[in-house]
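The chain is numbered in sequence order, starting from 1.
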Amino acid sequence: SKKYAKWGKMHIPTNWEVGGLQDFSGRVWFRKEFTLPKVRPGKKYAIQFNGIDYFATVWLNEHSLGYHEGYFQPFSFDVTKNLRKGKNTLVVKVDSPAEPLTSWPLRKRFIKGVFGHHDMRPGNWHPKKGQSRGTGGIWNTVQLVESDPIQITHIQVIPKLREKNRRAELQIMASVESDVRGSALVEFVIREWKRGKGAGRKISQTKRTFLITRGQNSIHAKVTIRNP
């Protein structure tokens, strides 16, 4: 359209230094049009960003979704009410400013891991050149995620060996997000893992029923495996 006629192109994911916008610190707008064949009733939809440097403000179909600050942490927005069949437009404003000279390099405020250390920067400790060739941009993948009204958003498994390695206990903790309230039957299936081949034979299978409320839930279970 005429509104976006002067926009350039950049393959995502990348940081904008690699993508062609060199030696730049500041604000860049990204726009992506995509077509969705259908929106399935009863499903939830979310836009998930797996890494943006550093401040991000997001819109879908001219609806404001929210704001995020950070570098490494994935984040997502519920777009169930804003997503539509056919053409959709996602807009992301990314702001990755240089830190003021009063902060760089000894009093940095942005958390960027090794990319924020002066000895990893092309300009080293230099007050003015130390932040050249910045890391700003949508550096990790972006996904449209379809899910059921009840979904597991995070899972952690802590194994412990017992009886001189003759028995293994698995402490399973999961975060569950739900739009409904009621009982949920959760099945835990443990399979043997073979390097290079993936999941193999089934070792254990356990079912548990949990009471789920609307919003965020935490569930816990213990699975025992003999002769692991």
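- The CD atom of Gln143 sits 5.5 Å away from the CD atom of Gln48 when rounded to the nearest 0.5 Å.
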| request: Start with the C-alpha gap between Asn88 and Leu36, add the side-chain angles, then the distance that decides, and say whether side-chain contact (heavy atoms from CB on, under 4.5 Å) holds. | output: CA-CA 7 Å; Asn88 293 265; Leu36 197 64; 4.0 Å; yes
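- Rounding to the nearest 0.5 Å places NZ of Lys222 at 10.5 Å from CG of Leu170.
- With rounding to the nearest 0.5 angstrom, the OG atom of Ser178 is 11.5 Å from the CD1 atom of Ile152.
- Residues Tyr54 and Ile138 are members of separate hydrophobic clusters, defined by side-chain heavy-atom contacts under 4.5 angstrom among Ile, Leu, Val, Met, Phe, Trp and Tyr.
- Put simply, Ile155 and Val189 are part of two different groups of oily side chains (I, L, V, M, F, W, Y) that touch within less than 4.5 Å, one to the next.
- Ring pair Trp16/Phe24 is perpendicular by interplanar angle, where above 60° counts as perpendicular and below 30° as parallel.
- Arg181 and Thr213 make their closest contact through CG-CA, 4.1 Å (heavy atoms, listed as atom of the first residue, atom of the second, distance).
- Side chain to side chain, Gln22 and Glu17 fail the donor-acceptor criterion of an N or O pair below 3.5 Å.
- Shown here for Tyr45 and Glu146, the closest heavy-atom pair between the two residues is OH-OE2, 2.7 Å.
- For NZ of Lys43, the number of neighbouring non-hydrogen atoms (other residues, nucleotides, ligands) closer than 6.0 Å is greater than 12.
- Under the 3.5 Å distance criterion, the side-chain polar atoms of Arg162 are left unmatched by any main-chain donor or acceptor of Asn165.
- From Ser64, atom OG reaches atom CZ of Phe77 across 8.0 Å, with rounding to the nearest 0.5 Å.
- Between Lys44 and Asp179 there is a salt bridge, with a side-chain nitrogen of the basic residue lying less than 4.0 Å from a carboxylate oxygen of the acidic one.
- Two different hydrophobic clusters hold Val39 and Val145 under the rule that ILVMFWY side chains link at heavy-atom gaps under 4.5 Å.
- The nearest pair of heavy atoms linking Ile212 to Ile219 is CD1-CG2, 4.3 Å.
- Between the CG atom in Leu65 and the OG1 atom in Thr57 there is a gap of 10.5 Å [rounded to 0.5 Å].
- Although no hydrogens or angles enter the test, the distance criterion places no donor-acceptor pair under 3.5 Å between the side chain of Trp139 and the main chain of Phe72.
- Counting heavy atoms of neighbouring residues, nucleotides and ligands inside a 6.0 Å radius, atom CZ of Arg167 exceeds 12 of them.
- The closest donor-acceptor contact from the side chain of Asn61 to the backbone of Thr89 lies under 3.5 Å.
- A donor-acceptor contact shorter than 3.5 Å is absent between the side chain of Asp148 and the backbone of Gln151.
- Between the side chains of Asp53 and Thr135, at least one donor-acceptor pair of N or O atoms lies under 3.5 Å.
- Here the shortest heavy-atom pairing between Ile225 and Ser204 reads CG1-CB, 4.4 Å.
- Salt-bridge annotation for Glu163 and Arg226: present, with a side-chain N of the basic residue lying under 4.0 Å from a carboxylate O of the acidic one.
- Ring planes of Phe75 and Phe49: parallel class, angle under 30° (limits at 30 and 60°).
- Heavy atoms only, all atoms of each residue included: Ile12 and Asn140 are closest at CG2-O, 4.4 Å.
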| Under the side-chain contact (heavy atoms from CB on, under 4.5 Å) criterion, do Gln73 and His68 qualify, and how do the steps go? | CA-CA 10 Å; Gln73 184 183 26; His68 182 266; 3.5 Å; yes
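- Taking all atoms of both residues into account, the shortest heavy-atom contact from Arg191 to Ile203 is C-CD1, 4.0 Å.
- Placement of Ile150 and Val186 within a single hydrophobic cluster is found when ILVMFWY residues are connected by side-chain heavy-atom separations under 4.5 Å, directly or transitively.
- A heavy-atom distance below 4.5 Å is not found between the side chains of Asn50 and Val142.
- At most 12 non-hydrogen atoms from other residues, nucleotides or ligands lie less than 6.0 angstrom from CZ of Arg27.
- For the atom pair CD1 of Ile52 and CG of Asp95, the computed distance is 12.0 Å after rounding to the nearest 0.5 Å.
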| task | Run the numbers on Asn217 and Glu177 for side-chain contact (heavy atoms from CB on, under 4.5 Å), then give the verdict. | result | CA-CA 6 Å; Asn217 297 262; Glu177 187 177 295; over 6 Å; no
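- Val92 and Val28 fall within the same hydrophobic cluster, where Ile, Leu, Val, Met, Phe, Trp and Tyr residues are linked whenever their side-chain heavy atoms come under 4.5 Å apart, directly or through other members.
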| said: Run the side-chain contact (heavy atoms from CB on, under 4.5 Å) test on Arg208 and Phe188 for me, step by step, so that the C-alpha distance in whole Å, both residues' side-chain angles and the decisive distance to 0.1 Å come before the verdict. | reply: CA-CA 8 Å; Arg208 299 280 194 279; Phe188 301 92; 3.9 Å; yes
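- Ring geometry, Tyr67 versus Phe55: the interplanar angle falls under 30°, so the pair is classed parallel (tilted spans 30 to 60°).
- Dense packing is recorded around NZ of Lys93, with more than 12 heavy atoms of other residues, nucleotides or ligands lying under 6.0 Å away.
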